[in-house]
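Here is how names work: the chains are called A, B, and so on, in the same order as the sequence lines, proteins then strands, and each is numbered from 1. The analysis underlying the following values was restricted to heavy atoms, covering all of them including side chains, and did not include hydrogens, waters or symmetry mates.
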There are 2 protein chains.
Amino acid sequence: MTEQVTEKKPEQNKPDHIAELVNASVAVLKEKNKDALITLLETHHESDIAEMIALLNGSQREQFFKLIGEDLAPSVLAELDDHSQAWIAERLDPEFLASALQELETDDAVFVLGELDDDDQKEVLEFFPEGERIVLQRSLDYPDESAGRLMQSDVVAVPPFWTVGQVIDYLRVTEDLPDDFLEIFVVDPTHTPLGMVKLNKVMRSGRPTLMQEILDDNFTPISAELDREDMARMFERYNLVSAPVVDEDNRLVGVITADDVFEVITEEAEEDILRLGGVGDETVGDDMFRAMRGRFSWLLVNLLTAILASIVIGLFDGTIEQMVALAILMPIVASMGGNAATQTLTITVRALATRELLAINTLRVIGREMGIGLLNGILFAVLLGITGWVWFGSEMLGLVLAMAMIVNMFVAGLAGILVPIWLNKAGIDPAIASGVFVTTITDIVGFLAFLGFATLFLI
Amino acid sequence: MTEQVTEKKPEQNKPDHIAELVNASVAVLKEKNKDALITLLETHHESDIAEMIALLNGSQREQFFKLIGEDLAPSVLAELDDHSQAWIAERLDPEFLASALQELETDDAVFVLGELDDDDQKEVLEFFPEGERIVLQRSLDYPDESAGRLMQSDVVAVPPFWTVGQVIDYLRVTEDLPDDFLEIFVVDPTHTPLGMVKLNKVMRSGRPTLMQEILDDNFTPISAELDREDMARMFERYNLVSAPVVDEDNRLVGVITADDVFEVITEEAEEDILRLGGVGDETVGDDMFRAMRGRFSWLLVNLLTAILASIVIGLFDGTIEQMVALAILMPIVASMGGNAATQTLTITVRALATRELLAINTLRVIGREMGIGLLNGILFAVLLGITGWVWFGSEMLGLVLAMAMIVNMFVAGLAGILVPIWLNKAGIDPAIASGVFVTTITDIVGFLAFLGFATLFLI
C-alpha cells in the first residue's frame, strides 16, 4: 500500500503542478523516449494529464500522440475537453477506441462517443458486444444536452421484499456491479423506482430488516429527457448527491451523481459570461482563425448598430457645426447610458438564468430598475451638468447635458430589463442578444436627446 | 409509507411550482390562518420554502414571520439566501435560534451562525452545550471563504486494524452518527487520515477483511484553510463526491460533500458575471437604494474616463469644426474598439479564473489576440473605409477611417489581454477592474487615431 501513496495522487490546486507536468512532458517528447513518457504519466491523475494535453501546442500534441499512441490510458479520454477529445478520437483506430471505451463507466463512454460524428460513432459502436452497445445507444438516443446523456446506466436495484442481509450478500458475490455507487434503488417488477436507500442506512440496519421498511420514497426522479441545466438546478436546489433517472414510462434507466453536475453548472455559467461578452463558445485553446470568425460576426452586428447611431448624429450636423462642444460632450451621454444599461441587463440575464425573476416579482423588479435609472440619472445629471457648464462656460449647455442624461439613464434602466425579458419570452437566449439591442437603444437615445435638446435650446 | 409519497417531494424544476407556493402563502397570510400556513409549508421542501420567502416583498415577509414565528422549520434557515437569513435571524430569540440550530448538521449551523454579526454569534453560541459549541467555534474560526467553514464536522473514522464486520456492528449500535455519510475514514491514533473506504466497498468485502486492506490511500485531503474556490476546483477537476478536511497538523477535522460545492461554483461564476457587468454583488432581491449605491460608484468611474476621452476629442475641436463628418463617424471607431476589447478581456478573465491561462501558454495566447485584433482590424477597416468613402464621398476620409480602425482594433486586442493579466499579477480581481481600463484605452486611442490621422491627412 505505502509505496502507492505518492502515485496518481490529485494535487491541491496548484497551477505550478500542471505547468511542471507540461514542461516535463515537452522534455520527454524532445527525447522521443516513450518509456519515460509512460512513467511520467503513470504518476499523474488522469484529469491532470488531460489538462496537460490541452496546454500543448499543435506540433507538441502531434508528437505526444505519435509517441504514446494506443498506450494512452482510456480514463484520460473522458477527461479531455471537447476539442482535444475530437482531435484524438479521429486519430485512433475505431476498434481500439471501442476497446478503450469498454474500460470506462457508461457515462464516460457515452460522453466520448457523443463527441464523434454520426458515422464514426456507428463504426466504433460496431465493435462493442451487443448488450453494451444497446445500453450505450439508449443513452446516445437522448437529446444532446439531456440528463439521459450524462447518466451512468449501471445501477444496483433490488425488489422491496429483500432483506438488508440479502442485499449485503448479493453485493458480496456479484461480480458485475458498477465500480462505485452511493445507494441501492428499490424497484417494482416493471423496474419503476419505489424509493432509494442510501448505503449508510443499509449498513446501519439489521440483516433481517426489509428494504421496503427503510426505503426513502421522498427521492427526486429525473426524467431522462430533462435538459441538463434544469437537472443541475435540481441538484443545487435540493442539495442532492445522486438522483435516479427514469424514462418516459417511469422506469429506472440510470443514475446521475454530483460529480457529473459540476461540469454542467460551470459550463452553463461560462456560456452566459461568454455570450454577454460577445464571444459565443470560444476558449483560449481555440485556434486564431476559428476565434476570429466567431468574433467577427458579433462585431459586424455592432458595426451596423454603430452606423445607425452615426446616422442619428448626422441628422444634427448643422447643430454640431455651430457648436463643436456638442461633438466633444456627446460620447459621455451615450457611454453613461450604455454602462447603466449593461448593469441592468447583467442583473436581469442572471436572474432569468437562475429563475429568480418570475411572473410574481417581475413588475416589482421593473419598478426598481426605473427607480434606479431615474435616481442615478438625476445624480449624474447634476455632476455632468456642472462639468459642462464649468468646462464650456455655458449654463444652458450644462442644462441640456443634464436633461439628456436623465432621459438616457431612465431609458437605459427600462431597456436593460425589458429587452432581456422580452427576448426570453420569445425563446431567444437573452445573454447572447440583449447587449446589442440595449446599447443600440442607449446610443441612439443618448445622441438624439442630447443633440435634440441642444438644437431646441442652444441654437 | 405510501401516504407520505406526495409530501415534501422536490418538484422537477418548474418556476410555476414556486409561483404557486408564493400565491398560496400570500392567500393564507391574508387570512392570518397559522394552521393553514403550517399545513401548506409541511407539504413543501425546505429549499422551496426558502425560495418562497425570498420572493415575498417586505410587508409580506413581515406578516409571514409574525404568523409562523418559532414554528418555522430549522432546516429552512439553512436554505435561505444571505439577506433573508440575516433578516430572520435578527428577529429570532437567541435561545430559540440556538435550539433550532442544534437540529441541523454542523455545516448548516455554521453557515447560519457565520452570517450573524460577532456579538449575536457569541450570544447564540452561549446556549449550545459545551461540546457542540467547541466544534462549531472551530469551524467558525476558519476564514470566511475557506473549506473549514463549509465542512461537516461529524465523520465516521475507524482504526486500520478494524475488520469490516467490526465496522458494520459499530454502525448498527452507535446512536451518535452523522445523519448521512458516504465513506468511512481510516485514521491513525493521532487522527491523521490514512485513507478512506467508500461504503460500497465496505459492503462488498467479507466481514473478516481488515479496513487497511481495502482502504483507498489515493484520496484528496483538503486543507481547512484552503479557499473555497480552489476547493471547488479540486472537486470539479478530480470528479470528487466527497473529500476529507484536515487541519494544519494534518488531522481529520471534517468532510466536504459535493452538495456543498454546487453553491460555491455557482456563486464564484456569478461573481465574475456581475463584476464584468459592473454590478458587484447585487441580486434582484436587493432594495433599490442599496442597488443604486453599488451601481453609482461604478458609473462614477465611467464618467471620469468618459470625460478623459472627451478631453482628447477637445484637442481636435479645430479639426472637427472644419469637417463635421468626423464628429459623425468618430463614435464608430471607438465603439468597435470597445467591443473588440470586451471580447478579448472576457475570454482572458475566464481563462484566468479557470486556470486555463498559465505561464506556459501566456505568450501564445497574447500572440493569438494580436493576430485576431490585426485581422479583424483589417477586415473592418475595409468595410468601414468603403462606408465612409461612399457616405461622405471622400476617399481620403475612408482611408483615415480604415487606418484608425486597424490601429484601434489592434490596441483593443492587446489591451484586452494585457490589462487583465497585469491586474491579476497585481493581486486585483481582473473581472472587476479590467473593463474600465480597457474601454478607456480604446476610447482614447480610437478618438486620438481617427482625429489625429484626420488632422494630418484631411485638413
Side-chain angles (χ1 to χ4, degrees), chain A residues 5 8 10 13 15 19 22 47 55 168 171 181 199-200 203-204 217-218 220 230 233-234 236-239 241 258-259 262 265 269 273 277-279 284 288 291-292 295 302 306 310 313-314 317 320-321 324 327-328 332 335 339 342-343 346-347 351 355-356 358 360-361 365 368 371-372 375, chain B residues 5 8 10 13 15 19 22 47 55 168 171 181 199-200 203-204 217-218 220 230 233-234 236-239 241 258-259 262 265 269 273 277-279 284 288 291-292 295 302 306 310 313-314 317 320-321 324 327-328 332 335 339 342-343 346-347 351 355-356 358 360-361 365 368 371-372 375:
Chain A
V5 171
K8 288 213 185 193
N13 190 58
V22 176
S47 301
L55 284 167
I168 293 181
L171 296 179
F181 53 95
L199 292 186
N200 74 73
M203 295 181 71
R204 289 150 94 156
D217 57 6
N218 181 14
T220 316
D230 292 328
R233 201 158 297 114
M234 288 181 68
E236 229 183 314
R237 170 178 294 177
Y238 300 121
N239 305 318
V241 172
D259 56 315
F262 297 139
I265 297 180
I273 296 182
V279 269
V284 282
M288 194 173 86
M292 202 201 82
R295 297 195 204 171
N302 181 64
S310 287
I313 303 174
D317 55 348
I320 295 172
E321 218 155 26
V324 173
I328 295 172
I332 302 181
S335 142
N339 278 280
T342 302
Q343 291 179 328
T346 304
I347 286 285
R355 311 280 194 275
E356 285 170 276
L358 302 175
I360 197 100
N361 62 343
V365 177
R368 193 186 78 132
I372 296 175
L375 284 175
Chain B
V5 171
K8 288 213 187 192
N13 190 58
V22 176
S47 302
L55 285 167
I168 293 180
L171 296 180
F181 53 96
L199 292 186
N200 74 76
M203 295 182 71
R204 288 149 95 158
D217 56 7
N218 179 15
T220 317
D230 291 328
R233 203 158 293 115
M234 289 182 69
E236 228 183 315
R237 171 179 292 176
Y238 300 122
N239 305 319
V241 172
D259 55 315
F262 297 139
I265 297 180
I273 295 182
V279 268
V284 282
M288 195 172 86
M292 202 201 81
R295 298 195 202 171
N302 181 63
S310 287
I313 302 174
D317 56 348
I320 295 172
E321 217 154 28
V324 172
I328 295 171
I332 302 181
S335 144
N339 278 279
T342 302
Q343 291 180 328
T346 304
I347 286 285
R355 310 283 194 273
E356 286 169 276
L358 302 174
I360 196 102
N361 63 343
V365 176
R368 193 186 78 132
I372 295 175
L375 284 175

ask   = Out of B:Ile168, B:Leu55, B:Asn361, B:Val22, which one racks up the most heavy-atom pairs below 4.5 Å with chain A?
value =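 Result: the option with the highest number of such pairs is B:Leu55.
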
ask   = When only pairs under 4.5 Å are counted, which of B:Asn339, B:Ile320, B:Val365 shares the most heavy-atom pairs with chain A?
value =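 Looking at each of B:Asn339, B:Ile320, B:Val365 in turn, B:Asn339 comes out on top.
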
inquiry  = Between A:Ala306, A:Ser310, A:Ala258, who has the most heavy-atom pairs with chain B when the cutoff is under 4.5 Å?
reply    =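 The residue among A:Ala306, A:Ser310, A:Ala258 with the greatest pair count is A:Ser310.
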
task = Would you give the length of the straight line joining atom CZ of B:Arg295 to atom OG1 of A:Thr342, rounded to the nearest 0.5 angstrom?
result =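 Reported value, rounded in 0.5 Å steps: 11.0 Å.
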
request  = Can you measure from CE (A:Met203) to CG (B:Leu171) and round to the nearest 0.5 angstrom?
outcome  =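 One finds 5.0 Å between CE of A:Met203 and CG of B:Leu171.
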
key: Flag, side chain of B:Asn200 to backbone of A:Phe181, donor-acceptor distance under 3.5 Å   =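 Flag set: sc B:Asn200 to bb A:Phe181 pair under 3.5 Å.
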
message = If only side-chain N and O atoms count, and only distance matters, is there a donor-acceptor pair under 3.5 Å linking A:Asn239 with B:Ser47?
response =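 B:Ser47 vs A:Asn239: no donor-acceptor pair found between side chains.
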
ask   = Do you know the tightest heavy-atom contact between B:Ala291 and A:Ile372?
value =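 Where B:Ala291 meets A:Ile372 most closely, the heavy atoms are CB-CD1, 3.6 Å.
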
key: Segment of B:Leu199 engaging chain A (4.5 angstrom heavy-atom cut-off)   =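 Contact with chain A: backbone and side chain both.
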
query = Do B:Asn302 and A:Gln343 come within less than 4.5 Å of each other through their side chains, counting heavy atoms only?
reply =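 With C-beta onward as the side chain, the pair stays apart.
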
key: Any side-chain heavy-atom pair of B:Ile328 and A:Asp317 under 4.5 Å   =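 Yes, side chains in contact.
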
inquiry  = Can you tell me which portion of A:Ile360 sits under 4.5 Å from chain B's heavy atoms? Options are side chain, backbone, both or neither.
reply    =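 Side chain only.
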
